[in-house]
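Each ligand, and each atom within it, is numbered from 1 in the order the structure gives.
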Amino acid sequence: MLLAMAPKMFFKIKHNNLTSLLGLFLYVFGVASAQLSPDFYNATCPGALPAIENVVRDAVANESRMGASLLRLQFHDCFVNGCDGSVLLDDTPTMKGEKTAPPNNDSLRGFDVIDRIKAEVESLCPGVVSCADIITIAARDSVVALGGPYWTVLLGRRDSTIANFSGTIDIPSPFLNLSGLISAFANKGLSASDLVTLNGAHTVGQTRCTIFRSRIYTEDNIDPSYAASLRAICPASGGDDNLAPLDTETPTVFDNDIYQDMMMEKGILHSDQQFYSGGSTDLQVEGYSDDSEAFAVDFGDAMIKMANISPLIGTSGQIRLNCRKVN
Ligand code: HEM
Ligand SMILES: *[C@@H]1O[C@H](CO)[C@@H](O)[C@H](O)[C@H]1NC(C)=O
Ligand SMILES: *[C@@H]1O[C@H](CO)[C@@H](O)[C@H](O)[C@H]1NC(C)=O
Ligand SMILES: *[C@@H]1O[C@H](CO)[C@@H](O)[C@H](O)[C@H]1NC(C)=O
Ligand SMILES: *[C@@H]1O[C@H](CO)[C@@H](O)[C@H](O)[C@H]1NC(C)=O
Ligand SMILES: *[C@@H]1O[C@H](CO)[C@@H](O)[C@H](O)[C@H]1NC(C)=O
C-alpha cells in the first residue's frame with residue numbers, strides 16, 4: 001500500500017516544486033498575470049460572467065455603438081496606471097477623475113452600462129467582482145456581440161483607490177506619427193505588432209469632426225472622394241461634435257475591413273493611416289486585409305496582453321462597491 005503510493009507522492013511533490021519554481025520565476029520577472037486566472041470567480045461568483053454577458057448583449061442590441069464604447073474603455077483604463085478601473089472614478093472635491101482629461105472628455109462612453117453590470121453582479125455576490133475585471137469582460141462580450149472573436153478573459157484584478165488625470169498623457173494622441181504611436185505602446189510593454197492588431201478595434205464605432213478635421217482638409221494621403229464626403233459632415237469650422245464612422249463600410253460589425261480601408265487611404269484618423277504609409281507596418285496591414293482569421297486570433301491575444309498591464313492583485317487596492325467611487 002505504502003509502496004504503491006510512493007511514486008504518486010513523489011510526483012506530487014515534484015509537481016508542487018515545479019509550480020512554486022515557476023511562480024518564483026514569474027514573480028521575479030514581474031509577470032503579474034501569473035496571478036490572474038480564467039476561473040477566478042468560479043467558486044465565489046459563478047453567475048458573474050453570464051450576468052455581464054446579458055447586460056452587454058442588451059445594451060448592444062439597443063445601441064450597437066455601445067459595443068465600441070465598451071471596447072474602448074479597456075484601452076483607456078489599462079493605459080493609465082494599469083488595468084485597475086481608475087477610468088471609472090468620478091471627480092470628487094479632493095480627487096480629479098480621468099473622465100474629463102483630454103483623451104476622454106466628451107468622448108468616452110458606456111459608464112451607465114458599467115453601472116448596470118455592477119448593480120447586477122453586486123446583487124448576485126456582494127463585494128466580489130472588481131470593476132477592473134468588469135471592463136475586461138465587457139470589452140470581450142462587446143466584440144462578440146458585434147460579430148467578432150471570443151477570447152478567454154483572465155480575471156482577479158482589483159480596483160484602484162485613486163485616479164490619475166495627468167496619467168492620461170500615456171494614451172496616444174490620434175495626431176501622432178507611426179514612431180510616436182509605437183513608443184506609446186512600447187511604454188506599456190506592447191509591440192508594434194500589438195499596436196497594429198489592437199488598432200483594428202477601429203472596425204467599430206465613431207469619431208468626432210474635431211478629431212478628423214485637419215486630416216480631411218490638410219493631409220494628402222487620403223482618398224479624395226472619401227475626404228470630400230467627410231467634408232460634407234465636418235465643416236472647416238463648427239460642427240465639432242458631428243460624428244463619422246471609423247470604418248467606412250461596416251461600423252457596427254467587428255471585422256477586418258478597416259485594413260482594406262487603410263490600403264485605400266481611407267483611414268479616418270491621422271493615426272489610422274499611419275499603419276499604411278510606406279512604413280514598417282504595411283505588411284501586417286496587407287496580411288490582415290486578406291486574412292480575417294489571423295486578425296481575429298491575434299486580436300484576442302493582444303487584448304489579453306493589454307489586459308495584463310499592471311493589474312492590482314492579492315490584497316492591493318479594493319473591490320469597489322460602486323465603480324464610480326472609492327469605498
Ligand atoms: C493607436 C492608438 C489609438 C489612437 C490614437 C486612438 C484614437 C481614437 C480616437 C481619437 C477615437 C475617437 C474619439 C472621438 O472622436 O471622440 C477613437 C475611438 C475608438 N477607439 Fe481608439 N485609438 C487607438 C487605439 C485603440 C485601441 C487599442 C482600442 C481598443 C482595443 C480602441 C478602440 C476604439 C473604439 C472602439 C473607438 C470608438 C468608440 C465609440 O464609438 O464610442 N482604440 N480612438
Ligand atoms: C470555471 O467555470 C467555467 C465556466 O463554467 C468552466 O468552463 C471551467 O472549467 C471552470 N474551471 C474550473 C477550474 O472549475
Ligand atoms: C438605448 O439607446 C439610446 C440611444 O440610442 C439611449 O438613449 C438609451 O438610454 C438606451 N437605453 C438603454 C436601456 O440602454
Ligand atoms: C470637458 O468638456 C466640457 C464640455 O465640452 C468643458 O466645458 C470642460 O472644460 C472640459 N474639461 C476639461 C478638463 O477640459
Ligand atoms: C500617473 O501617471 C503618470 C504617467 O504614467 C505616472 O508617471 C505617475 O506616477 C502616475 N501617478 C500616480 C499617482 O499613480
Ligand atoms: C511627424 O509629425 C510631425 C508633426 O507632429 C511632422 O512635422 C513630421 O514631418 C512627421 N514625421 C514623419 C516622419 O512623418
Nearest protein heavy atom to atom 24 (C) of ligand 1, by residue and atom, and its distance?
Phe75 CE2, 3.3 Å
For atom 7 (O) of ligand 2, state whether the nearest protein heavy atom is under 4.0 Å away.
no
Considering only non-hydrogen protein atoms, determine which one is nearest to atom 29 (C) of ligand 1 and report residue, atom name and distance to 0.1 Å.
Ala201 CB, 3.4 Å
Check each atom of ligand 2 against the heavy atoms of Asn42 and keep those under 4.0 Å away; list them by number with element.
1 (C), 2 (O), 3 (C), 8 (C), 10 (C), 11 (N), 12 (C), 14 (O)
Considering only non-hydrogen protein atoms, determine which one is nearest to atom 11 (N) of ligand 4 and report residue, atom name and distance to 0.1 Å.
Asn105 ND2, 3.0 Å
Against heavy atoms of Pro172, which atoms of ligand 1 measure under 4.0 Å?
2 (C), 5 (C)
Is the closest protein non-hydrogen atom to atom 4 (C) of ligand 2 under 4.0 Å?
no
Ser69, any N or O under 3.5 Å of ligand 1 N or O:
yes
Between Thr203 and Asp255, is the side chain to side chain donor-acceptor pair (under 3.5 Å) condition met? List the steps.
CA-CA 6 Å; Thr203 175; Asp255 57 22; 2.9 Å; yes
Any N or O of Asp106 that comes nearer than 3.5 Å to an N or O of ligand 4?
yes
Using a strict cut-off of 4.0 Å, indicate which atoms of ligand 1 neighbour a heavy atom of Pro174.
5 (C), 10 (C)
Tell me whether ligand 1 is touched by Met303 - counting only heavy atoms on the residue side and a distance under 4.0 Å.
yes
For the 3.5 Å polar cut-off, considering only N or O atoms, please tell me whether His202 and ligand 1 meet it.
yes
Hey, does Ala139 sit under 4.0 Å from ligand 1 if you only count heavy atoms?
no
Between Ala132 and Gly85, what is the shortest heavy-atom contact and its length?
CB-N, 3.6 Å
For ligand 1, which is the ligand I care about here, please tell me if Arg208 has any N or O atom under 3.5 Å from one of the ligand's N or O atoms.
yes
List the steps, then state whether ring pair (Phe, Tyr, Trp, His ring centres under 6.0 Å) holds for Phe295 with Phe254.
CA-CA 11 Å; Phe295 169 59; Phe254 193 99; 5.7 Å; yes
Among all protein heavy atoms, pick out the one at the shortest distance from atom 13 (C) of ligand 4; state its residue, atom name and that distance to 0.1 Å.
Thr100 O, 3.3 Å
